[in-house]
Amino acid sequence: MTGVEAVRDLTVVLCVGLASALISRRLGLPVVAGYLVAGVVAGPGGLNLVRDLDAVMGMAELGVALLLFTLGVDLSVRSLTRLKSASLVAGPLQLALSVGLGYALGRAWGWDTDSSLILGFALALSSTMVVVKLLGERGELHTNQGRLMIAVLLVQDLAAVLMVGALPVLTGTRAFGADAMAVLLGKGLAFLIAVYVLARLVIPRLFSVVARGYTKEVFVVTAAALCFGGAWGSQLLGFSLALGAFIAGLMISESDYSHEVLADVTPLRDLFAIIFFVSLGLLFEPGAVLRHPGWAISVLAAVVVGKALIVFVAALAAGFHMRSASAAGLGLSQIGEFSFVVATLAYRSGLLTREQLSLVEAVALITLLASPALLAAGDALYQRLRSRRAVEHVPLEAAQDDAAYACGGERPVLICGYGRVGRHVGEMLLQDGAPFAVVDFDQVIVAELRQRGISALYGDAASARVLEAAGAKESCLAVLALPDAMTTRLAIRSLKRISPGLPILARVHPTEEIDAMYREGAEEVVQAEFEASLEMLRHTLLRLGRDPRAAQARTDAVRQQRYLALRRRDAPRDSA
């Protein structure tokens, strides 16, 4: 395949992926499902626009590595321990029963042991991306059922890594004699030692040097090099590429730079994820479903009914209320993105045929498209169960109100940018005894603040992930003292997505940016140079012997007239 043909195929994949994303968003459907449909349309079963499937699948493996890498970086042990019953009971129980259900179904249809187990793996994993998005849109991320689903999804994501690691064993490429086991254990031990040394001694210092002395581009390159370097090293030792990428991300997860790494690598991950999911659609064979309609229907029933019932029972066993259990059962009854990762790697390893992979994809596509309706049906199912006098299991957690998870005491101010202006604001808040947190892209400033016991996070204030990690949802006010207008605009947009009701105070330099910041959603906009001139005016009036209250009233009137005049002046031009 020539370079021109490779670029052509890549362009086709990205264009059909873009079109499907726009259509899916307009229709309110999961974007992942749109990517799959786009691949089906562009693939051999559709318009046959892609000439070299193997080359596209090779690029898609980079998407797999980046997916697992960001999973490792984003892994939150605290989130798992916050709801121990969900993490230790509901999650593992759901996984075991779902894998067993898929395995039994595969064997019933004549699949061999390995392919049946892969079916169980795929059936057990739900879509983290789709469920979190739907919960966020419904405002249910911090409800009991939302926390239950997030905890179960985290357990599933961890299990996906173990499933990927088990694939080389299933392929039979590893012998189990004493010598072979000794070599395997030796490699594994050497790998773990290397990971420990890198995570404790090398990586924190590397990122500290990069963050202090180089540009953001170098930071991104460093993160990407660790991702692909970990994947390559894992393959050299005989382990899977995806497992190495996950461990590389895990090495960063507990560092001070994890949030910024995640924010910087996520766009790259999303780009290659599009290639990955569209490439799955390229492999889809419509004839597989037509040849085996009974099989497809039975797997669909196993996911929508069987898996929903398993999650429901597992949640009740973990002590959750029936309402949370019913919502989680229907909310998690789909096949997710890591199911695709496991199934695709199994296909490339020869554990699944292309026809079997197509059948799994067909069921996944249907369940992903049905996810919004299924999640919305959770309350209706609960009311139906109550009306039939079903036995309710009401644990202590059921009495917990969402307010119990609100931040205690006085809510903090979030200061984005701790240069000259932000520092003055912070010092005055300290004198006033008001709590605040800081986001800044200068590691020296962050380290200094932490030494003083002030909450500070290294990262780009325009990144929603960084702002969430800094506590934007729990803040009472955001003060944007950032050096450039574009970053300030992006920060306002991210804050409004995270916490729509959060008041935002932004500073600007150019006069023309005042109205733009108000349009973005800032409650108050301050132009530093103009405010300095007002203070000079007030002092001038005082020196001229004016009454202090009259001088203050005069400067307040000038301030109000100035900002209103600017907004009126800009409004016709902006609306034209």
Side-chain angles (χ1 to χ4, degrees), residues 1-26 29-70 129 164 220-221 224-225 227-228 231-232 235 240-242 245 265-289 335-362 364-365 368-369:
M1 184 180 186
T2 66
V4 174
E5 291 173 333
V7 171
R8 175 192 173 280
D9 283 350
L10 179 60
T11 303
V12 168
V13 168
L14 292 177
C15 286
V16 297
L18 172 62
S20 68
L22 294 175
I23 295 172
S24 299
R25 187 63 58 89
R26 177 62 65 90
L29 299 174
V31 177
V32 174
Y35 293 150
L36 291 174
V37 173
V40 173
V41 172
L47 301 177
N48 198 23
L49 300 177
V50 177
R51 296 174 182 173
D52 193 331
L53 295 182
D54 289 335
V56 174
M57 291 300 296
M59 289 185 284
E61 285 195 19
L62 297 178
V64 174
L66 286 165
L67 279 171
L68 269 294
F69 176 73
T70 53
M129 289 193 293
V164 168
V220 176
V221 171
C227 169
F228 296 123
W232 177 57
Q235 277 195 319
S240 71
L241 174 148
V265 174
T266 295
L268 186 64
R269 178 204 67 183
D270 292 342
L271 173 64
F272 282 96
I274 292 175
I275 300 173
F276 171 67
F277 289 120
V278 173
S279 70
L280 283 175
L282 296 175
L283 294 174
F284 181 71
E285 290 185 345
V289 178
I335 291 179
E337 53 273 7
F338 286 111
S339 300
F340 294 135
V341 171
V342 173
T344 304
L345 293 176
Y347 164 72
R348 294 180 69 83
S349 300
L351 294 171
L352 284 183
T353 66
R354 186 167 173 179
E355 185 173 71
Q356 290 170 331
L357 178 63
S358 296
L359 290 166
V360 172
E361 286 182 41
L365 180 58
L368 285 172
L369 291 173

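Note that the structure is a prediction, hence the values are computed from the model and not measured. Scope of the values below: all heavy atoms of this structure, side chains included, with no hydrogens, waters or symmetry mates.
Across all non-hydrogen atoms, the minimal contact from G34 to S24 is CA-OG, 3.3 Å. Closest approach of A21 to V31, counting heavy atoms only: CB-CG1, 4.1 Å. Minimum heavy-atom separation, L282 to A42: CD2-C, 3.8 Å.
The line from CG of L368 to OH of Y35 is 13.0 Å long, rounded to the nearest 0.5 Å. Distance CD/E361 to CD/Q356: 12.5 Å, rounded to 0.5 Å. A distance of 10.5 Å separates SG in C15 from CG in L49, rounded to the nearest 0.5 Å. Taking CG of L345 as the start and CG of L352 as the end, the distance is 10.5 Å to the nearest 0.5 Å.
Put simply, the side chain of T70 gets close to the backbone of L67: a donor and an acceptor are under 3.5 Å apart. At distances below 3.5 Å, at least one donor-acceptor pair connects side-chain atoms of S279 with backbone N or O atoms of F276.
Counting heavy atoms from C-beta on, the side chains of F340 and V32 come closer than 4.5 Å. With a 4.5 Å cut-off on side-chain heavy atoms, V265 and V220 do not count as touching. At a threshold of 4.5 Å between non-hydrogen side-chain atoms, the residues C227 and L66 count as touching. Side-chain contact check for R8 versus T11: every heavy-atom pair is 4.5 Å or farther apart. Using a 4.5 Å heavy-atom threshold, the side chains of V278 and I274 count as touching. Side-chain contact between Y347 and L351: absent, with no pair of heavy atoms (C-beta onward) separated by less than 4.5 Å. With a 4.5 Å cut-off on side-chain heavy atoms, I275 and V56 count as touching. Here the side chains of L271 and L14 are in contact, with some heavy-atom distance below 4.5 Å.
The stretch residues 339-348 participates, sequence neighbours left out, in these salt bridge (Lys or Arg N to Asp or Glu O under 4.0 Å) pairs: E61-R348.
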